[in-house]
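A quick note: this is a predicted structure, and the numbers were derived from the prediction, not measured.
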Amino acid sequence: MKKKIQASTDLAPVSVVMVSSGDMENSDIITIAWTGTINSEPPMVSVSVRRSRYSYELIEKTGEFVINLVTPELLEVCDKCGVVSGRTVDKFREFKLHKQGCSFVKAPAIEESPVSLECRVKEKVSLNTHVMFLAEIVGVTAKEEWLQSGKLVIPDGGLISYVQNRYLATGKTLGSYGFTAKRKN
């Protein structure tokens, strides 16, 4: 039997990503778990950022950012990017990450990330604790080993998710869209 508890942000798991912003000279990386897909055509995502964060200032100023997916190999640096401020630390230099130029936005991608989504802000929603940026994905880069016939195929266990202040590796494939409809009765 279910019991009532206090309302909270327990939608889980959610993707944990590193969002890079600014430009090739003045940039920052913020770790965010409050992100998600919001539209198919055009492809759009949302990221929610506290107004007090340095990355908020950069996204507000430029209207652009890059979502960089996080693998188990990037987890330690991802966590470090979430606990220090870009106002005082150059996270690319401090954590030995490399900036990768993008085709459609001025913000740098993180070269070590297997997939980077170049995003341009279309709308903002001001909330009590965060501002949600609704953005169109205008470009995507992916490492070749994550592509099959030119399409992105994320490997099982390839990404990190976030659940109640814990990082978890994604699991194994249990089915694919429409698999129940494809079954023969």
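- Within the 4.5 Å cutoff, the side chain of K80 has no heavy atoms near those of the E94 side chain.
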Steps toward side-chain contact (heavy atoms from CB on, under 4.5 Å) verdict (V16, C78):
CA-CA 9 Å; V16 63; C78 173; 3.9 Å; yes
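- For the side chain to side chain contact (heavy atoms under 4.5 Å, CB included) test with L134, the passing option among V125, V45, N39 is V125; the others fail.
- Annotation: side chain of S20 is not in contact with side chain of D28 (no heavy-atom distance under 4.5 Å).
- Placement of V17 and V115 within a single hydrophobic cluster is found when ILVMFWY residues are connected by side-chain heavy-atom separations under 4.5 Å, directly or transitively.
- Going from atom CZ of F95 over to atom CG of D90 covers 9.5 Å, rounded to the nearest 0.5 Å.
- Cluster annotation: Y167 and I110 are assigned to the same hydrophobic cluster (Ile/Leu/Val/Met/Phe/Trp/Tyr, side-chain heavy-atom contacts under 4.5 Å, transitive).
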Before giving the answer on side-chain contact (heavy atoms from CB on, under 4.5 Å), spell out for T35 and V14 the whole-Å C-alpha distance, their side-chain angles and the decisive distance to 0.1 Å.
CA-CA 8 Å; T35 184; V14 293; over 6 Å; no
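- Under the 4.5 Å side-chain heavy-atom criterion for Ile, Leu, Val, Met, Phe, Trp and Tyr, F133 and I38 are members of distinct hydrophobic clusters.
- Between E57 and R51, no side-chain nitrogen of the basic residue sits less than 4.0 Å from a carboxylate oxygen of the acidic one, so the salt-bridge criterion is not met.
- Here D10 pairs with S8, Q164 under the side chain to side chain contact (heavy atoms under 4.5 Å, CB included) rule; sequence neighbours left out.
- A distance of 11.5 Å separates CD of E112 from NZ of K96, quoted to the nearest 0.5 Å.
- Note that CD1 of I154 and CG of L69 are 6.0 Å apart. Values are rounded to the nearest 0.5 Å.
- A distance of 12.5 Å separates NZ of K99 from CD of E111, quoted to the nearest 0.5 Å.
- K91 places no side-chain N or O within 3.5 Å of a backbone atom of V77 that could act as its donor or acceptor partner.
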Chi angles and distances behind the side-chain contact (heavy atoms from CB on, under 4.5 Å) call for H98, F92:
CA-CA 6 Å; H98 298 91; F92 277 97; over 6 Å; no
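- Under the side chain to side chain contact (heavy atoms under 4.5 Å, CB included) criterion, R50 pairs with S52, R53, T129, H130, sequence neighbours left out.
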Residue pair V121, E64: steps toward the side-chain contact (heavy atoms from CB on, under 4.5 Å) verdict:
CA-CA 6 Å; V121 174; E64 300 176 340; over 6 Å; no
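- Taking both residues in full, the closest heavy atoms of F104 and G139 are given as CD1-CA, 3.8 Å, listed atom of the first, atom of the second, then distance.
- Residue E25 places its CD atom among 12 or fewer non-hydrogen atoms of other residues, nucleotides or ligands, all under 6.0 Å distant.
- Here the side chain of D156 pairs a donor or acceptor atom with the backbone of T173 at under 3.5 angstrom.
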